[in-house]
Protein chains: 2
Amino acid sequence: MMDVAKLAQVSPSTVSLYLRKPAAVSPAAGQEIARAIAALGYVPNLVAGGLAAASSKVVSVIVPSIRNAFFAETVSSLQSALVAEGFQVLLGHSEYGEEQEEALVRTALSWAPAAVVLTGLSHSAGTRKLLQASGVPVVEMWELGADPIDMAVGFSHPQVGATAARHLLSKGRRTLAFLGARMQEDHRAAKRASGFVEEARQGEPRTCEIINHPGAATVEAGSLLLNRALQQIPDLDGIACSNDLIALGALFECQRRGIAVPESIAILGFGDLDFSASCIPSLTTIRPSGDLIGREAARLILSSIHGEPPDGSARIVDTGHVLVERRST
Amino acid sequence: MMDVAKLAQVSPSTVSLYLRKPAAVSPAAGQEIARAIAALGYVPNLVAGGLAAASSKVVSVIVPSIRNAFFAETVSSLQSALVAEGFQVLLGHSEYGEEQEEALVRTALSWAPAAVVLTGLSHSAGTRKLLQASGVPVVEMWELGADPIDMAVGFSHPQVGATAARHLLSKGRRTLAFLGARMQEDHRAAKRASGFVEEARQGEPRTCEIINHPGAATVEAGSLLLNRALQQIPDLDGIACSNDLIALGALFECQRRGIAVPESIAILGFGDLDFSASCIPSLTTIRPSGDLIGREAARLILSSIHGEPPDGSARIVDTGHVLVERRST
DNA sequence: GTGAAAGCGCTAACAT
DNA sequence: ATGTTAGCGCTTTCAC
């Protein structure tokens with residue numbers, strides 16, 4: 001920056017000012033500085049900038065897994081919105097572990113981030129303490145319910161389960177199952193399951209079981225789960241899945257076993273993934289809008305940073321969920 | 001750090017040393033320092049550390065899109081390997097634009113990253129110049145071919161296309177098409193397509209067309225592409241797709257139109273995604289191993305940073321590809 | 001093994 | 001509108 005200043009015949013602080021607020025320097029000086037920057041191939045050092053300004057232009061985002069299409073979508077839209085405002089995204093995976101999350105938060109805070117974004121509302125006590133002590137804006141996303149650390153964007157998972165149950169009941173289904181994966185760690189999926197069971201009870205079902213696959217939520221897990229479900233409940237006529245991948249696996253398995261969908265078994269998913277509108281039969285599902293969550297999270301962060309921290313109920317944004325009815329039910 | 005030093009009754013530089021090389025301080029001092037850190041809830045400031053050390057513990061990773069399952073997988077494994085060594089991942093999306101990539105590289109370099117990871121070998125001249133001038137280790141991934149900027153991990157896309165063509169020919173198919181999406185921007189997909197056509201020519205096919213969908217590679221695009229292909233080539237008997245999502249969409253469309261797969265049309269995908277083993281019929285595909293690419297990229301970066309920059313042919317890692325034969329062909 | 005001293009490259013009062 | 005000045009919190013010689 002000193003070299004640029006020398007070449008442009010101004011002081012370093014004018015260069016710094018120009019870089020941050022170009023309108024604040026005279027057009028003549030600005031032009032000289034721009035020329036000098038180009039001539040020298042100057043690239044500002046944001047590390048030094050972050051140190052001097054005591055806040056780096058970085059937002060740390062921690063998700064359970066970036067392989068999960070839900071979070072990939074959210075991270076993608078969150079990032080686009082943030083990059084447009086000059087922020088970078090530092091990414092972390094907790095792999096659904098609270099211990100790992102705490103370690104990630106600790107490192108994240110070492111970067112003096114402008115904000116921290118976490119997934120869900122279940123965190124270790126240490127994570128909460130670290131974040132509260134730091135004074136950094138925090139957004140918890142993909143879940144609404146208990147009191148958030150700072151701000152939250154998401155929706156109620158029990159309500160998603162309830163919507164699923166009501167839909168299956170409305171289609172006359174009474175022998176029900178909820179198929180989920182990794183629910184010992186994925187608390188949000190577990191909440192969809194319990195919301196499902198609770199609501200289903202109102203409809204006096206013959207049966208309503210939760211069936212869990214300990215591994216990841218994949219298409220293959222869906223096939224396994226459908227088989228397990230039929231073993232336990234031979235006259236099964238309606239299933240809700242914690243995820244569209246599982247629903248697709250169940251659908252394929254029905255096809256393989258010659259079970260008519262939706263005639264014999266109605267299948268309902270969650271996520272409205274890429275293939276859900278195209279598969280045969282097309283999949284009834286519940287759409288959470290990971291995209292909207294990302295955009296709203298970015299909005300909360302930006303207004304929080306720009307000195308207008310949202311207050312009261314504006315700190316919590318309910319993005320809701322939408323039932324997308326298709327052929328599988 | 002001064003507070004910690006005061007409480008532990010040592011100098012700040014001893015605390016700094018302890019943090020970086022715990023073995024270099026006496027056990028007694030180490031214990032005091034550890035106690036002080038815990039008591040004060042001290043979190044080191046990596047921004048200051050990065051400035052003082054002139055290299056931050058950050059690796060910048062730029063992919064076209066994190067929504068793409070291929071890159072999600074690679075970023076995930078790359079990150080796990082890097083985090084284990086104390087590095088953070090700064091993520092960027094180029095959206096398949098060279099201009100955008102250049103802007104991302106420019107900001108990335110502002111963070112004085114320990115390394116930069118790019119996707120593919122096609123970059124703007126400015127990107128190459130910036131990176132070469134910076135002296136930072138660079139890994140280009142997911143493609144092998146022309147001379148890399150610094151290091152590369154990936155495989156040959158024309159060879160993938162050739163493998164696909166050979167396989168279809170070996171199944172007696174002679175009326176062929178390659179279905180791809182966004183190939184005007186996704187150069188790697190375009191290379192698979194041209195590799196396919198070139199190899200197919202050796203087998204004297206009746207026809208061999210490339211059909212492109214300008215939008216994203218989705219299941220729906222696959223359905224559209226199959227319809228377009230049949231319109232152009234009514235007696236089509238073999239297709240290769242640039243991606244398993246497209247193959248799945250084609251498969252669904254065949255099902256909808258009552259076309260037997262593989263009897264009437266053989267379908268071959270690329271990627272071996274989650275659903276490919278489970279769909280009906282299961283999908284023959286070519287597996288590139290995004291996971292391996294991520295791990296190898298991490299290995300190159302780490303050895304490059306730790307003073308043993310791989311030289312000569314070790315700077316280029318071919319992860320190859322595997323044909324996974326299933327029922328759809 | 002430990003400490004003193006000199007920055008790393010920039011920002012942000014403040015003064016002009 | 002521009003310049004002067006004093007750090008931001010740490011790392012890294014170098015001497016002890």
Side-chain angles (χ1 to χ4, degrees), chain A residues 1-34 36-37 40-58 86 88 106-107 109-114 134-136 305 307, chain B residues 1-34 36-37 40-58 86 88 106-107 109-114 134-136 305 307:
Chain A
M1 188 179 269
M2 284 183 66
D3 292 348
V4 171
K6 213 163 288 175
L7 189 58
Q9 313 221 56
V10 294
S11 75
S13 60
T14 304
V15 177
S16 172
L17 188 62
Y18 170 78
L19 252 21
R20 283 168 299 113
K21 293 175 191 160
V25 303
S26 70
Q31 226 161 28
E32 279 306 308
I33 293 169
I37 286 174
L40 297 173
Y42 169 70
V43 177
N45 182 331
L46 290 178
V47 178
L51 181 60
S55 103
S56 63
K57 287 277 230 174
V58 157
Q88 301 296 300
R106 197 178 294 277
T107 343
L109 290 176
S110 296
W111 284 98
S134 74
V136 168
I305 291 169
Chain B
M1 189 178 268
M2 283 183 67
D3 293 347
V4 171
K6 214 164 287 173
L7 189 59
Q9 314 221 56
V10 294
S11 76
S13 55
T14 304
V15 176
S16 173
L17 188 61
Y18 170 78
L19 252 21
R20 282 167 299 110
K21 292 176 193 159
V25 303
S26 68
Q31 225 160 30
E32 279 307 307
I33 293 169
I37 287 174
L40 297 173
Y42 170 69
V43 177
N45 183 330
L46 291 178
V47 178
L51 181 59
S55 106
S56 64
K57 287 277 233 175
V58 157
Q88 301 296 299
R106 197 178 294 277
T107 342
L109 290 177
S110 296
W111 284 98
S134 75
V136 168
I305 291 169

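Below, read A as the first sequence line, B as the second, and so on, with proteins coming before strands; counting in each chain starts at 1. The structure presented is a predicted model; accordingly, all values stated were derived computationally and were not measured.
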Atom pair distance, as rounded to whole Å: [atom1] in [X] and [atom2] in [N]:
X	N	atom1	atom2	answer
B:Ile33	D:dC10	CD1	C1'	15 Å
A:Leu51	D:dT11	CG	C1'	12 Å
A:Gln31	D:dA1	CD	C1'	16 Å
B:Glu32	C:dG3	CD	P	12 Å
B:Gln9	C:dG3	CD	P	10 Å
B:Leu46	D:dT11	CG	P	8 Å
B:Met2	D:dT11	CE	P	14 Å

Working note: B:Ser16 + B:Ser13, criterion side chain to side chain donor-acceptor pair (under 3.5 Å); need CA distance, chi angles, decisive distance, verdict.
CA-CA 5 Å; B:Ser16 173; B:Ser13 55; over 6 Å; no
On DNA chain C, nearest-nucleotide positions of A:Asn45 versus B:Val10: which is more 5'?
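Comparing both residues, the 5'-ward one is B:Val10.
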Taking the side chain from A:Ser110 and the backbone from B:Leu46, do they hold a donor-acceptor pair closer than 3.5 Å?
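Side chain of A:Ser110 to backbone of B:Leu46, a donor-acceptor pair under 3.5 Å: no, none is there.
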Got a donor-acceptor contact below 3.5 angstrom from the B:Ser55 side chain to the B:Ala114 backbone?
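Not a single qualifying donor-acceptor pair exists.
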Write down the atom of [X], the atom of [Y], and the distance for their closest heavy-atom approach.
X	Y	answer
A:Pro113	A:Ser56	CA-OG, 3.9 Å
B:Leu51	A:Val47	N-CG1, 3.5 Å
B:Val15	B:Met1	CG1-CG, 3.7 Å

Tell me, with the steps shown, if A:Tyr18 and A:Val4 meet side chain to side chain contact (heavy atoms under 4.5 Å, CB included).
CA-CA 11 Å; A:Tyr18 170 78; A:Val4 171; over 6 Å; no
Please list, in numerical order, the residues of residues 11-22 of chain A that have a heavy atom closer than 4.0 Å to any atom of DNA chain D.
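Per residue number, the list reads A:Ser11, A:Ser13, A:Thr14, A:Leu17.
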Look at the side-chain N and O atoms of B:Tyr42 and state whether any lies under 4.0 Å from the OP1 or OP2 oxygen of D:dG9.
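It does not, given that no N or O in the side chain of B:Tyr42 lies less than 4.0 Å from OP1 or OP2 of D:dG9.
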Can you tell which of [options] lies closest to the side chain of [X]?
X	options	value
B:Ser26	C:dC10, D:dT2, C:dT2	C:dT2
B:Ala53	C:dT2, D:dT11, C:dC8	D:dT11
A:Met1	C:dC10, C:dC8, D:dC10	C:dC10

